[in-house]
Peer 1: 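Before I ask anything, here is the structure I am working with.
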Number of protein chains: 2
Amino acid sequence: MGRGPRWCHARFRKFGYKMTQPREIILDVFSRAKKHLSAEDIYMEVYKIYPGIGLTTIYRTLDILINMGMISRHDFGDGRSRYELIGDLKSEHHHHLVCLSCGKIIDYSDFIDEEIKLFDKLEKVLSEKHNFEIKYHQVGFYGLCDKCKLTKLS
Amino acid sequence: MGRGPRWCHARFRKFGYKMTQPREIILDVFSRAKKHLSAEDIYMEVYKIYPGIGLTTIYRTLDILINMGMISRHDFGDGRSRYELIGDLKSEHHHHLVCLSCGKIIDYSDFIDEEIKLFDKLEKVLSEKHNFEIKYHQVGFYGLCDKCKLTKLS
DNA sequence: TCCTAAATGATAATGGTTTTCATTTTCAAT
DNA sequence: ATTGAAAATGAAAACCATTATCATTTAGGA
Ligand SMILES: [Mn+2]
Ligand SMILES: [Mn+2]
Ligand SMILES: [Zn+2]
Ligand SMILES: [Zn+2]
């Protein structure tokens, strides 16, 4: 994270986009975020220091950031997409634990060696077998978190 | 698949639901489907032999079937949910290859032994480490299918 | 056959996301 | 610094998958 506005400006230009204040602030919100953000989460954060912001701009910027490979979009089944920085920008690649009851999401990236090796191998085997060019993968384990497990004992 | 109406009737009753004609037809559509179906896909199929059907009933039945553990819901990022029969009803557990360009979806269940073993181990390790009760997992590899790979050479 | 709870479907409402379009901003060329 | 064309913005309306309402029908045990 924290490459600063100078670096971002260059990156946007490289993709043919202009660097604007809304875009810079949105990236800043991402970089200081501790969790997965919805479009509205981002809107509300940006609004605090840039009340002129429009929700439309949030969505358009999210599209751009996805195309530039700077954020990833996830759907955890609650009807709204969530976004987070990827790669060396902030968090490293990780998988998810999703609570079906309260929606809590746990990231884990402390993969066991086998997990890393297997996914490398899988991407290779699958792309050859199905003549598929794999860009990325997503893994989610769904169930009940610690708190919701207790609640179920009613 | 193909347990027939008699078996389904019992299964619905066991969960406290009534067996109705719409529900029987919806299950039949699922059992002969060759791919992942959206709510509207199902609606259109059912409509052919039961024109009185309402889209609302499709959605309500999908909820019930999910609760009964007979179908699974997936989100492949195109804005609508897809559903498919689960388990011994038709298809076995499998993972997905999703084309980011045309939306084509490939199921694969010919897991290599290592993959099966790893996921067993992962579910055990993760559920202990995070005190999480894991119900199921989903794995998706995203990229370009064979045809879309060629199209990209423009 | 009867009765009541459950199920249905037409319709309206919801809510996240996208489109439209008139106005503003960026930034490379001057 | 000024200028101007292209890109970006935001208010508002449109979109569209899904859900809620509610009057009517149906399933299935008594
Ligand atoms: Mn995450
Ligand atoms: Mn599948
Ligand atoms: Zn929970
Ligand atoms: Zn494709």
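Residue numbers begin at 1 in each chain, while the letters A, B, ... track the order of the sequences.
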Peer 1: Any idea which heavy atoms bring B:K104 and B:D146 closest together, and the distance?
Peer 2: NZ-OD1, 4.0 Å
Peer 1: Specify the separation, in whole Å, of atom CZ of A:R13 and atom P of D:dA6.
Peer 2: 14 Å
Peer 1: Answer with base, sugar-phosphate or nothing: what part of the nucleic acid does A:T20 contact at a heavy-atom distance below 4.0 Å?
Peer 2: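 Since only primed, P, OP1 and OP2 atoms lie under 4.0 Å of A:T20, the category is sugar-phosphate.
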Peer 1: Rounded to whole angstrom units, what separation is found between the CG atom of A:L55 and the P atom of D:dA8?
Peer 2: 18 Å
Peer 1: For chain A and DNA chain C, what are the first and last nucleotides along the strand, 5' to 3', with at least one atom under 4.0 angstrom from a heavy atom of the protein chain?
Peer 2: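 Boundary nucleotides touching chain A, in 5' to 3' order, are C:dG16 to C:dA28.
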Peer 1: Does B:Y59 put a side-chain nitrogen or oxygen below 4.0 Å from OP1 or OP2 of D:dT19?
Peer 2: no
Peer 1: Counting only N and O atoms by type, is there a donor-acceptor contact under 3.5 Å from the side chain of A:R23 to the main-chain atoms of A:C8?
Peer 2: no
Peer 1: Relative to each other, are the rings of B:F141 and A:F119 parallel, tilted or perpendicular (30° and 60° limits)?
Peer 2: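 Tilted, since the angle between the ring planes falls between 30° and 60°.
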Peer 1: Once you round it to whole Å, what is the distance between P of D:dA17 and CD1 of B:I58?
Peer 2: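 About 15 Å, once rounded to whole Å.
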Peer 1: Using a 4.0 Å heavy-atom cut-off, does A:Y50 contact any base of the nucleic acid, only the sugar-phosphate backbone, or nothing at all?
Peer 2: sugar-phosphate
Peer 1: For B:G79 and B:Y17, take the nucleotide of DNA chain D holding the closest heavy atom to each; which residue's nucleotide lies nearer the 5' end?
Peer 2: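 Closer to the 5' end of DNA chain D: B:G79.
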Peer 1: What's the shortest heavy-atom distance between A:I53 and A:P22, and which atoms?
Peer 2: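 Reported closest heavy-atom pair: CD1-CB, 3.8 Å.
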Peer 1: Can you give me every donor-acceptor pair (side chain of residues 70-86 of chain A, partner residue at least two apart or in another chain, under 3.5 Å) with its distance?
Peer 2:
| unit_1 | atom_1 | unit_2 | atom_2 | d |
| --- | --- | --- | --- | --- |
| A:S72 | OG | A:H74 | NE2 | 3.3 |
| A:R73 | NH1 | A:Y83 | OH | 3.3 |
| A:H74 | NE2 | A:E84 | OE2 | 3.4 |
| A:D75 | OD1 | A:G77 | N | 2.8 |
| A:D78 | OD1 | A:R80 | N | 3.4 |
| A:D78 | OD2 | A:R82 | NH2 | 2.7 |
| A:E84 | OE1 | A:H36 | NE2 | 3.2 |
| A:E84 | OE2 | A:H36 | NE2 | 3.4 |
| A:E84 | OE2 | A:H94 | NE2 | 2.8 |

Peer 1: In this structure, how many angstroms lie between the C1' atom of D:dG29 and the NZ atom of B:K18, rounded?
Peer 2: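 These atoms are roughly 9 Å apart.
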Peer 1: Quickly work out the B:I42 CD1 to D:dA17 C1' distance and round it to whole Å.
Peer 2: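 My rounded result for the distance is 13 Å.
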Peer 1: Whole angstroms only, please: what is the CZ-C1' distance between A:R80 and D:dT18?
Peer 2: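 It is 14 Å, rounded to the nearest whole Å.
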Peer 1: Regarding B:G16, tell me which of base, sugar-phosphate or nothing describes its non-hydrogen contacts under 4.0 Å with the strands shown.
Peer 2: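 No contact at all - B:G16 keeps every heavy atom at 4.0 Å or more from the nucleic acid.
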Peer 1: Rounded to whole angstroms, how far apart are CD on B:E24 and C1' on D:dA27?
Peer 2: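 So the CD-C1' distance, B:E24 to D:dA27, works out to 13 Å.
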Peer 1: On the 0 to 90° scale, with breaks at 30° and 60°, tag the B:Y17-B:F15 ring pair as parallel, tilted or perpendicular.
Peer 2: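 Rings of B:Y17 and B:F15: parallel, as their planes differ by under 30°.
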Peer 1: With sugar-phosphate meaning primed atoms plus P, OP1 and OP2, does A:F12 contact a base, only sugar-phosphate, or nothing at under 4.0 Å between heavy atoms?
Peer 2: nothing
Peer 1: Could you check B:H9 against A:T61 and say which one's nearest nucleotide on DNA chain D is further toward the 5' end?
Peer 2: A:T61
Peer 1: With heavy atoms under 4.0 Å as the rule, sort A:S81 into base, sugar-phosphate or nothing.
Peer 2: sugar-phosphate
Peer 1: Between P on D:dG10 and OH on A:Y47, what's the gap in Å once rounded to a whole number?
Peer 2: 12 Å
Peer 1: Can you work out whether A:E40 or A:R60 has the more 5'-proximal nearest nucleotide on DNA chain C?
Peer 2: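 Looking at the nearest nucleotide for each, A:E40 comes out on the 5' side.
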Peer 1: For the SG atom of A:C148 and the CG atom of A:L100, what is their distance to the nearest 0.5 Å?
Peer 2: 9.5 Å
